Engineer: 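Below are the structure tokens for one structure; questions will follow.
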Amino acid sequence: MFEAVSDAIDKMGLKWDKLCGVTTDGAPAMTGERKGMASMVCAEVRESGGEAVKMHCIIHQEALCAKTVQLGDVMNTVVKTVNIIRARGLHHREFQAFLSDVDAEYGDLLYHSEVRWLSRGSVLQRFYSLRSEIDPFLKEKDRPLHELSDPLWLADLAFLVDLTGHLNTLNKSLQGKDQLVPQLSAHMKAFCVKLRLFETQLRNFNVAHFPTLSEVKVAFPEVNLSAKKGKYVSVITSLMTEFSQRFQDFPAIEKEMKLFSTPFLMDAEEVEESLQLELIEMQCDDSLKNQHQLLPLPDFYRSLEEAKFPLMQRHAKRMMSLFGSTYICEQTFSLLTLNKSRLRTKMTDSHLCDVLRISTTKLTPDLPAILQSKAQHHCSH
């Protein structure tokens, strides 16, 4: 893998010392200290006079943390029930027809897939929404699901629906092409603060931020669901522990991110000596303070005078060049699988490369100019 990356960089004539960071999915082949591909790339950058940081994709880390949320009896029951309904074609068609007849909110259940980031939350939410339709259908098939009439099990299901919903919201906020590393770090910090709030409130069985669990609580007022609060608090606590242990890449560059995102709040003595004088000049300029508040960060740093703030601009370019996730790689691979299907057997590698280039670029083609260049010089007969 390192040889392939090295060949690509050399072929395109790129300079190793310009490489700022390497973001991977955290596989051992990527992150090994000696023979990992990311480590070898960073070593090559150091030999060229540069400095690169290794980062573990923030979305991948979030997905790994989400997997620690274990209410196995709930998830296993949901997956088993979905498989009972969807595994047999006849049952599946009858269930879809039944949902259509009763004018249900959704037209079908969803399969669970471990490798899809949002799968578990989507499956649980759909199952909960269709629980009143699933119950009579399974009874009609002599496969009753007794858990659907158990308030304690429904409370666990509702808690898992809400928690995975919060995790899916976080996952979606981390996706996108134009996400800067400080923005990703801010999303993660905010979620950790939310978890501490959830833990505190659940100790008193305050379910203000768990609407599905609140719905079950209102539906069964005679049942003491507060007995479950210890179980729910322990789940939140373990999730907080997992988040604090995993996300170590961003704290390592915390000062660099703060200098980039909030330069007017930084103490000049806390930054690198080479940047101190330029930072003081910037902080004493009131017009630059106003621009920083009005403009997006990339536009603000572009507006700086290059002759006056060369090192601050260089630092900004470095921070804007870092990738906090492998989202673009994942999206490009999805586009590749969509275009390179078994029905397009004659597509060549060069044609596929052109298709991917068009699919992933932000450039807008100048169609009038292209059509003008292709105009016929002779009229047809």
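Only a predicted model underlies this, so the values are computations on that prediction, with no experimental measurement involved.
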Engineer: If the plane angle is over 60° it's perpendicular, under 30° parallel, otherwise tilted; pick one for Phe95 and Phe137.
Structural biologist: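 Taking Phe137 first and then Phe95, their aromatic rings stand perpendicular (interplane angle over 60°).
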
Engineer: Can you find a heavy atom in the side chain of Thr23 that is under 4.5 Å from one in the side chain of Lys54?
Structural biologist: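 With C-beta onward as the side chain, the pair stays apart.
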
Engineer: Are side-chain heavy atoms of Leu288 and Phe264 found at a separation under 4.5 Å?
Structural biologist: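 The answer is yes, as the side chains (C-beta and beyond) meet within the 4.5 Å cut-off.
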
Engineer: Would you please test Lys189 and Glu254 for salt bridge (Lys or Arg N to Asp or Glu O under 4.0 Å) and show each step?
Structural biologist: CA-CA 12 Å; Lys189 286 181 179 178; Glu254 184 73 23; 2.5 Å; yes

Engineer: Does either side chain, that of Glu215 or that of Tyr128, offer a donor lying less than 3.5 Å from an acceptor on the other one?
Structural biologist: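 Yes, Tyr128 and Glu215 have a side-chain donor paired with an acceptor closer than 3.5 Å.
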
Engineer: Picking from Leu202, Leu225, Val218, Val216, what satisfies side chain to side chain contact (heavy atoms under 4.5 Å, CB included) with Val207?
Structural biologist: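 Between Val207 and the candidates, side chain to side chain contact (heavy atoms under 4.5 Å, CB included) is satisfied uniquely by Leu202.
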
Engineer: Specify the closest pair of heavy atoms between Met282 and Leu304, including all atoms of both residues, with the distance to one decimal.
Structural biologist: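 Closest heavy-atom pair between Met282 and Leu304: CE-CD1, 3.7 Å.
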
Engineer: Looking at SG of Cys57 and CG of Asp249, how far apart are the two atoms once the value is rounded to the nearest 0.5 Å?
Structural biologist: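 So the gap between those two atoms works out to 10.5 Å.
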
Engineer: Under the 3.5 angstrom rule, does the side chain of Ser48 hit a backbone N or O of Gly50 as a donor-acceptor pair?
Structural biologist: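 No: the side chain of Ser48 does not pair with the backbone of Gly50.
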
Engineer: Check the pair Glu94 / Lys141 against salt bridge (Lys or Arg N to Asp or Glu O under 4.0 Å), numbers first and verdict last.
Structural biologist: CA-CA 11 Å; Glu94 289 176 342; Lys141 299 298 179 183; 2.3 Å; yes

Engineer: Roughly how far apart are Ile280 CD1 and Glu269 CD, rounded to 0.5 Å?
Structural biologist: 8.5 Å

Engineer: Does a side-chain N-to-carboxylate-O contact under 4.0 Å join Asp17 and Arg46?
Structural biologist: no

Engineer: How long is the span from the SG atom in Cys65 to the CZ atom in Phe243, to the nearest 0.5 Å?
Structural biologist: 4.5 Å

Engineer: Just by distance, no angles: are the side chains of Ser129 and Gln125 close enough, under 3.5 Å, to form a donor-acceptor pair?
Structural biologist: yes

Engineer: Does the side chain of Leu138 reach to within under 4.5 Å of the side chain of Ile134, using non-hydrogen atoms?
Structural biologist: yes

Engineer: Just by modelled atom types, is the Leu152 backbone N or O under 3.5 Å from a matching donor or acceptor in the Asp150 side chain?
Structural biologist: yes

Engineer: Flag yes if Val53 and Met37 sit in one hydrophobic cluster, no otherwise; membership is Ile, Leu, Val, Met, Phe, Trp, Tyr, and two members link when side-chain heavy atoms are under 4.5 Å apart.
Structural biologist: no

Engineer: Check Lys139 with Asp135, please: is the shortest side-chain N to carboxylate O separation under 4.0 Å?
Structural biologist: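 Here Asp135 pairs with Lys139 in a salt bridge, since their nearest N and O are under 4.0 Å apart.
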
Engineer: Classify the ring geometry between His56 and His60 as parallel (under 30°), tilted (30 to 60°) or perpendicular (over 60°).
Structural biologist: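 His56 vs His60 ring planes: tilted.
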
Engineer: Okay, side chain of His166, backbone of His209: is any donor-acceptor separation there less than 3.5 Å?
Structural biologist: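 At least one qualifying donor-acceptor pair exists.
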
Engineer: Kindly say whether Leu338 contributes a backbone atom to a donor-acceptor pair with the side chain of Ser341 at under 3.5 angstrom?
Structural biologist: no

Engineer: Restricting to ring pair (Phe, Tyr, Trp, His ring centres under 6.0 Å), what partner residues turn up for Phe98, sequence neighbours left out?
Structural biologist: none

Engineer: Going through the distances and angles, do Tyr327 and Leu174 end up as a side chain to side chain contact (heavy atoms under 4.5 Å, CB included)?
Structural biologist: CA-CA 9 Å; Tyr327 173 82; Leu174 299 176; over 6 Å; no

Engineer: Are Met312 and Leu295 co-members of a hydrophobic cluster defined by side-chain heavy atoms under 4.5 Å apart?
Structural biologist: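 In one cluster: yes.
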
Engineer: Does this structure show an ion pair linking Lys231 with Asp156, if we count only N-O contacts that are shorter than 4.0 Å?
Structural biologist: yes

Engineer: For Thr237 and Glu199, does a side-chain donor sit closer than 3.5 Å to a side-chain acceptor?
Structural biologist: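 On atom types as modelled, these side chains qualify, holding a pair under 3.5 Å.
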
Engineer: Is the shortest side-chain N to carboxylate O distance from Arg314 to Glu306 below 4.0 Å?
Structural biologist: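 Judged by the 4.0 Å cut-off on N to carboxylate O distance, Arg314 and Glu306 do not form a salt bridge.
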
Engineer: Only one of Glu281, Gln283, Gln276 clears side chain to side chain contact (heavy atoms under 4.5 Å, CB included) with Leu279; which?
Structural biologist: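 Result for side chain to side chain contact (heavy atoms under 4.5 Å, CB included) with Leu279: Gln283.
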
Engineer: Which atoms form the tightest heavy-atom contact between Leu118 and Asn168, and what is the distance?
Structural biologist: O-ND2, 3.4 Å

Engineer: Check whether the side chains of Thr212 and Asp162 place a donor and an acceptor atom closer than 3.5 Å, and report yes or no.
Structural biologist: yes

Engineer: Does the pair Met75 and Leu124 meet the rule for a side chain to side chain contact (heavy atoms under 4.5 Å, CB included), with working shown?
Structural biologist: CA-CA 8 Å; Met75 198 64 209; Leu124 288 168; 3.8 Å; yes

Engineer: Contact between Ile253 and Val181 at the side-chain level, heavy atoms closer than 4.5 Å - yes or no?
Structural biologist: yes

Engineer: Are Phe191 and Thr169 side-chain neighbours, meaning at least one heavy-atom pair lies under 4.5 Å?
Structural biologist: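 They are not in contact (no side-chain heavy atoms under 4.5 Å apart), so the answer is no.
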
Engineer: What I want to check is whether the side chains of Ser303 and Gln291 have a donor and an acceptor closer together than 3.5 Å.
Structural biologist: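 Note: Ser303 and Gln291 side chains meet the donor-acceptor criterion.
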
Engineer: Using the rule that two of Ile, Leu, Val, Met, Phe, Trp, Tyr join whenever any of their side-chain heavy atoms come within less than 4.5 Å, decide whether Phe333 and Ile58 are in one cluster.
Structural biologist: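 No, because Phe333 and Ile58 fall into different hydrophobic clusters, even though each may have its own neighbours under 4.5 Å.
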
Engineer: Determine whether His351 and Lys346 make a side-chain contact, defined as any pair of heavy atoms from C-beta on separated by less than 4.5 Å.
Structural biologist: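 No - every pair of side-chain heavy atoms lies 4.5 Å or more apart.
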
Engineer: Step by step, work out the salt bridge (Lys or Arg N to Asp or Glu O under 4.0 Å) result for Asp354 and Arg357.
Structural biologist: CA-CA 5 Å; Asp354 294 339; Arg357 187 181 297 276; 5.0 Å; no

Engineer: Thr81 vs Thr77, test: side chain to side chain contact (heavy atoms under 4.5 Å, CB included). Steps then yes/no.
Structural biologist: CA-CA 6 Å; Thr81 305; Thr77 302; 4.2 Å; yes

Engineer: Has the side chain of Gln248 got a donor or acceptor atom that lies under 3.5 Å from a matching backbone atom of Ser244?
Structural biologist: yes

Engineer: According to a hydrophobic-cluster definition based on side-chain heavy atoms being under 4.5 Å apart (Ile, Leu, Val, Met, Phe, Trp, Tyr only), do Leu110 and Leu145 belong together?
Structural biologist: yes

Engineer: May I ask whether Val5 and Met1 are part of the same hydrophobic cluster, defined by side-chain heavy atoms of I, L, V, M, F, W, Y residues being less than 4.5 angstrom apart, directly or through others?
Structural biologist: yes

Engineer: Any side-chain heavy atom of Thr326 sitting closer than 4.5 Å to one from Thr24?
Structural biologist: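 Counting from C-beta outward, Thr326 and Thr24 never come under 4.5 Å.
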
Engineer: Check whether Gln313 reaches the backbone of Pro310 with its side chain - one donor and one acceptor, N or O, closer than 3.5 Å.
Structural biologist: no

Engineer: Between Ser6 and Phe2, is there a donor-acceptor pair closer than 3.5 Å when you use the side chain of the first and the backbone of the second?
Structural biologist: no

Engineer: Using the ring-ring contact (aromatic ring centres under 6.0 Å, His included) rule, take Phe260 and Tyr301 through it: C-alpha gap first, then chi angles, then the decisive distance, then the call.
Structural biologist: CA-CA 9 Å; Phe260 168 67; Tyr301 282 103; 5.3 Å; yes

Engineer: For the side chain of Lys177 and the backbone of Thr360, is there at least one donor-acceptor N/O pair under 3.5 Å apart?
Structural biologist: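 Answer holds: yes.
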
Engineer: If you look at every heavy atom in Glu51 and Val45, which pair is closest and at what distance?
Structural biologist: N-CG1, 3.6 Å

Engineer: Would you say that Phe323 contacts Val22 through its side chain, given a criterion of any heavy-atom pair below 4.5 Å between the two side chains?
Structural biologist: no

Engineer: Would you say His92 and Asp108 are linked by a side-chain donor-acceptor pair, where the criterion is simply a distance under 3.5 Å?
Structural biologist: yes

Engineer: Using the ring-ring contact (aromatic ring centres under 6.0 Å, His included) rule, pick out the option among Phe210, Phe205, Phe198 that qualifies with Phe159.
Structural biologist: Phe210

Engineer: Examine distances only and state if a side-chain atom of Arg120 and a backbone atom of His112 form a donor-acceptor pair shorter than 3.5 Å.
Structural biologist: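 Not at all, since once roles are kept as given, no pair shorter than 3.5 Å links the two residues.
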
Engineer: Compare every heavy atom of Cys20 with every heavy atom of Ser321, then report the nearest pair and how far apart it is.
Structural biologist: CB-SG, 4.0 Å

Engineer: Is it the case that the side chain of Ser238 and the backbone of Val235 share a donor-acceptor pair, with hydrogens and angles ignored and the cut-off at 3.5 Å?
Structural biologist: yes

Engineer: Output, in order, the C-alpha distance, side-chain angles, deciding distance and verdict of salt bridge (Lys or Arg N to Asp or Glu O under 4.0 Å) for Lys258 and Asp267.
Structural biologist: CA-CA 11 Å; Lys258 284 185 177 180; Asp267 186 346; over 6 Å; no

